[in-house]
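Note that the numbering runs from 1 along the sequence shown for the chain.
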Amino acid sequence: ELPARLERPVSYDEVATRVFDKTCRHCHGDPDAALGDGGPGNTGGFGYPGRRLQLTSYERLLAGSVDDGGKRQSVFRQDDDGQPYLVRALLARHEEVAGRPDPEVVGMPLGLPPVPLEDIALLDSWIAQGRPR
């Protein structure tokens, strides 16, 4: 279960250091900085289409990803329970490892150990605080 949201202010830099830079940017990188390959979460791979999601800067994160039709969508969009999609994808990886995959969401990071729940709570807190720079 996801720990409670933090009461203290959370900055983008803290989230980037503990979550995006440590785990996500390997697959959601900048293709211009990697000989045209931004990783499978950006340009495609492992049987999945590229979602053009780059987690290398604040601005690129806010640009979101593309859906199956190529339309940009926010990774902060909320599901029916009010949970941001990005948080749901990270939690879904915990469920996959436990043998309970979510049929609607591919858990992230794909094929790797889940992001620690404390780091997901940090991300969730930052989103709830309005994603301050």
Can you tell me how far apart [atom1] ([X]) and [atom2] ([Y]) are? Round to the nearest 0.5 Å.
X      : Y      : atom1 : atom2 : result
His28  : Leu53  : NE2   : CG    : 5.0 Å
Ile120 : Leu91  : CD1   : CG    : 4.5 Å
Arg5   : Asp124 : CZ    : CG    : 4.0 Å
Leu110 : Leu112 : CG    : CG    : 7.5 Å
Thr23  : Arg93  : OG1   : CZ    : 12.0 Å
Asp32  : Gln54  : CG    : CD    : 7.5 Å

Identify the heavy atoms of [X] and [Y] that sit nearest to each other, and give their distance.
X      : Y      : answer
Pro132 : Gln129 : CD-O, 3.8 Å
Leu55  : Arg25  : O-CB, 4.1 Å
Leu86  : Phe76  : CD2-CE2, 4.3 Å
Ala92  : Asp102 : CB-CB, 4.4 Å
Ile127 : Val87  : CD1-CG2, 3.9 Å
Pro109 : Pro114 : CD-CA, 4.4 Å

### Task
Return the orientation label for the Trp126 and Tyr12 ring planes: parallel under 30°, perpendicular over 60°, tilted otherwise.
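If you compare the ring of Trp126 with that of Tyr12, the planes turn out tilted.
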Sidechain-backbone polar pair: [X] side chain, [Y] backbone, donor-acceptor under 3.5 Å:
X     : Y      : value
His94 : Val115 : yes
Asp67 : Gly69  : yes
Arg60 : Ser57  : no

### Salt bridge Arg51-Asp68, side-chain N to carboxylate O under 4.0 Å
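Salt bridge present between Arg51 and Asp68.
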#### Entry: Electrostatic pair Arg88-Glu95, nearest N-O below 4.0 angstrom
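So Arg88 does not pair with Glu95 through a salt bridge.
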Any link between [X] and [Y] through a network of hydrophobic side chains (Ile, Leu, Val, Met, Phe, Trp, Tyr) touching at under 4.5 Å?
X      : Y      : result
Leu61  : Val66  : no
Val19  : Leu117 : yes
Val97  : Phe46  : no
Val106 : Leu123 : yes
Leu2   : Tyr85  : no

### Query
Is there a side-chain contact between Leu62 and Arg131 (heavy atoms, below 4.5 Å)?
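Side-chain contact under 4.5 Å: yes.
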### Query
Do other residues, nucleotides or ligands put more than 12 heavy atoms under 6.0 Å from Glu59 CD?
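Yes, because the 6.0 Å sphere around CD of Glu59 holds more than 12 heavy atoms from other groups.
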